[in-house]
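Just so it is clear: chains get the letters A, B, ... in the order the sequence lines come, proteins before strands, and each one is counted from 1.
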There are 2 protein chains.
Amino acid sequence: MNAQPPIPRADIERRGLRDLVYEHILEILLTGEISPGERVSIDGLARQLNVSPTPVREALVDLERTGLVVREALRGYRVSPPLERGQLQELFIARETVETTATRLATPADDELLRALADAHAEHEKAGDRVRETTEQSNKATDTPEEARRIQVSAAQEYFARDRDFHDRILEHCGNRYLVKMSQDLGAQVHRLRQALPHGITDVAEALAEHRAIIEAFASPDSTAPEAAMRHHIRMVAHRALVEDPQTPIQENHEDP
Amino acid sequence: MNAQPPIPRADIERRGLRDLVYEHILEILLTGEISPGERVSIDGLARQLNVSPTPVREALVDLERTGLVVREALRGYRVSPPLERGQLQELFIARETVETTATRLATPADDELLRALADAHAEHEKAGDRVRETTEQSNKATDTPEEARRIQVSAAQEYFARDRDFHDRILEHCGNRYLVKMSQDLGAQVHRLRQALPHGITDVAEALAEHRAIIEAFASPDSTAPEAAMRHHIRMVAHRALVEDPQTPIQENHEDP
DNA sequence: TCCGGACAAATCCTATAGGATCTATGAAAT
DNA sequence: ATTTCATAGATCCTATAGGATTTGTCCGGA
């Protein structure tokens, strides 16, 4: 006679204050409230969130591993500086390595994956439409400039989230937890890359077309097609980021001599 | 009159207590002082190391990301359970993905890499000889059994360290920091794998021969040879771990239904 | 004008204390 | 004998306090 349900604590949210603080700081970092290179005060965050420094400390140790913040002993944490061009190239190579392997492992795609990809792609298209609407709207003067800017940023974030969802669907079906973890770790870096791009999203049509090609490759009988489509997609993304925007800040990090 | 040298803190070790605690706990985990699944007490470690719980906490957050310990909110940390067979297979696939890519990127090898690999391989051979000596010595009764066992474990650890050094030399020359980080993250898992193998090292000759083949591939003019040699090596390691030891504990993790 | 040193404020880092939660032991009831 | 409940101990978690270090500012000298 067990009065408790058979699954008393398998699903319930069991997270300490540390996890809540982590998500809050992550939100701050992802919205770009603090500029790269700027200090991230432990006590300051603790005061801002009305908690003690201890959970803030634990959350920052976790964030340090993601690469979003860097730590210098006895000097505190800082928001990681923007990616330099060399790091960008390395990042895309790493992504290509992980995601093409995951795509190959997910081939042939089962119906569940095909359905998940179709759904994710539909959402991605919606977000893409909204990005285009907002960029057009910004020309009109219906809203205040800052309000228009806010909506535009919101649309861009939604777009990137749906983009990532698409890739995550494939990852989830590759059957390799280590590749999934690697991709997640790289994801934080990818976000830094996007944050470093000051201008809006200019390749909505291209990206959506490449995603569509990946779906069609999964639907085709050619078992080498999905991996090839994914490789092409990531290389094109890299090309657009590296070649079409050669003026991206190539700030070199000079160590103190 | 500046008594301090002109470069007072560019190279000197600038690490807080947290890093020292981290290394100490890592040492405890790697030597297997605590069995998998057993609890890792925060306060207990703090008392054992004569420090306060705060730095222990930070070190454990860091260790959690490596996968060596797992955390359950409000219930503390535990040593991660041994790898199941499925995880093993996934781990080898992930390693093959990362290391073959790194090998390809390190091709063609410059003289520095060739020299580094030759040196690392020489050390690896020495460690291999010592492993064979100690396993033979264990038959003789010159030392006490526990002393012989201790020497044997020490030789095995040295052997694994030199093995890893060999792979790290290639990683260092691939020019991609993200692949390096991925390989390091996987390294902790690989250690868990080795710790799960109760018997001694039985493939010294094979592993050394495969490493030698990788060196020769780097020296050959065929630019596809090194990657192929590395892929063959990792697949053979996986084969020996998965096929020759089919009796390894295949404990399945049943989630509570 | 530029450079170096001293003081003050802020920050990081560690230690200690107390409340909340979990685990284990043992007794009582069915 | 098995189960249920209650109590005690241990552990985790958070908050607060104080020492050590860094950083910013100001001032005097070259």
At how many degrees, to 10°, do the end axes of the helix from C/dT1-D/dA30 to C/dT30-D/dA1 meet when each uses five pairs?
-> 20°
For B/Arg15 and C/dT14, give me the distance from atom CZ to atom P, rounded to whole Å.
-> 13 Å
Salt bridge between B/Glu123 and B/Arg162, side-chain N to carboxylate O under 4.0 Å?
-> no
By nearest nucleotide on DNA chain C, pick out whichever of B/Arg78 and A/Ser41 is the more 5' one.
-> A/Ser41
Taken to the nearest whole Å, CD1/B/Ile42 to P/C/dA17 is 19 Å
Write down the distance between CG (A/Asp43) and P (C/dA9), rounded to a whole number of angstrom.
-> 17 Å
Ion pair present between B/Glu112 and B/Arg115, side-chain N to carboxylate O less than 4.0 angstrom?
-> no
Between the side chains of A/Gln152 and A/Arg149, does any donor sit under 3.5 Å from an acceptor?
-> no
Have a look at A/Val21 and say if it touches a base, only the backbone sugar-phosphate, or nothing, with a 4.0 Å heavy-atom cut-off.
-> nothing
Short side-chain N/O contact to C/dT11 OP1/OP2 from A/Arg75, under 4.0 Å | no
B/Arg169 side, atom CZ; B/His173 side, atom NE2 - distance, nearest 0.5 Å = 8.5 Å
DNA chain D-proximal residues of residues 44-66 of chain B, any heavy atom under 4.0 Å = B/Arg47, B/Arg57
Nearest-angstrom distance from the residue atom OH of A/Tyr77 to C1' of D/dT21 | 16 Å
Atom CG of A/Leu60 and atom CZ of A/Arg18: how far apart are they, to the nearest 0.5 Å?
-> 11.5 Å
Rounded distance (Å) that lies between atom P of C/dC13 and atom CG of B/Leu20 = 13 Å
